[in-house]
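In what follows, a structure is listed as structure tokens, so that the remarks can point back to it.
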Amino acid sequence: NVGLRIAYTVKITANAVGDLLVIPEDEFTYFAAGTPLVEGAIVTITSSDKKYKRITDSGVNTNTSNVSSVLFQDVPEDYYTVHVQAPKHGSYTATVLVSADKTLTLRVWL
């Protein structure tokens with residue numbers, strides 16, 4: 001009998017993608033006129049295997065309705081560490097699952 005051992009690791013992957021919407025909030029979101037969100041937040045998402053990472057460039061995007069949030073589109077289905085930080089605020093870190101064909105909305109308290 002002759003045998004050969006080969007070490008290998010299998011990671012099941014798919015082409016499935018979803019979206020992640022991050023909404024940074026603080027006390028002004030609930031108590032100030034117009035319910036403003038946190039301006040200038042930097043959002044980082046990193047996949048569980050550390051092979052996928054996206055960072056907002058210069059703070060959270062502001063759309064035409066003056067609501068500050070960030071939408072990561074076409075994110076491969078996986079678990080992600082989400083880290084959010086903003087000037088004059090604390091930071092936030094959590095692990096979330098981005099599922100295929102869905103938008104996960106994450107409200108973050110800073």
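Residues forming a side-chain hydrogen bond (donor to acceptor under 3.5 Å, both in side chains) with Thr105 (at least two apart in sequence, or on another chain): none. Judged as a side-chain contact (heavy atoms from CB on, under 4.5 Å), and not counting sequence neighbours, the contacts of Val108 are Val22, Val84, Tyr92, Leu106, Leu110. Among residues two or more places apart in sequence or in another chain, the side-chain hydrogen bond (donor to acceptor under 3.5 Å, both in side chains) test is passed with Gln85 by His83. Residues forming a side-chain contact (heavy atoms from CB on, under 4.5 Å) with Lys102 (at least two apart in sequence, or on another chain): Ser99. Annotation: side-chain hydrogen bond (donor to acceptor under 3.5 Å, both in side chains) contacts of Ser47 (sequence neighbours excluded): Asp49. For Phe28, there are no ring-ring contact (aromatic ring centres under 6.0 Å, His included) partners, not counting sequence neighbours.
The shortest side-chain heavy-atom distance between Val43 and Val70 falls under the 4.5 Å cut-off. Contact of the Ser48 side chain with the Tyr80 side chain is not registered, since no non-hydrogen atoms from C-beta on lie closer than 4.5 Å.
The CZ atom of Phe72 lies 8.5 Å from the CD1 atom of Ile55; values are rounded to the nearest 0.5 Å. For the atom pair CD of Glu77 and CG of Asn15, the computed distance is 11.0 Å after rounding to the nearest 0.5 Å.
Evaluation of the side-chain hydrogen bond (donor to acceptor under 3.5 Å, both in side chains) test over residues 23-36, restricted to residues two or more places apart or in two chains, returns Glu25-Tyr30, Glu25-Arg107, Asp26-His89. Pairs passing the salt bridge (Lys or Arg N to Asp or Glu O under 4.0 Å) check and including a residue from residues 78-89, sequence neighbours excluded, read Lys11-Asp78.
Residue Tyr79 belongs to a hydrophobic cluster whose other members are Leu97, with links defined by side-chain heavy atoms closer than 4.5 Å. Side-chain heavy-atom separations under 4.5 angstrom define the hydrophobic clusters, and Val2 shares its cluster with no other residue. Leu4 forms part of a hydrophobic cluster together with Ile6, judged by ILVMFWY side-chain heavy-atom separations under 4.5 Å.
Partner of Leu104 under the side chain to side chain contact (heavy atoms under 4.5 Å, CB included) criterion, chosen from Leu20, Asp19, Val82: Leu20.
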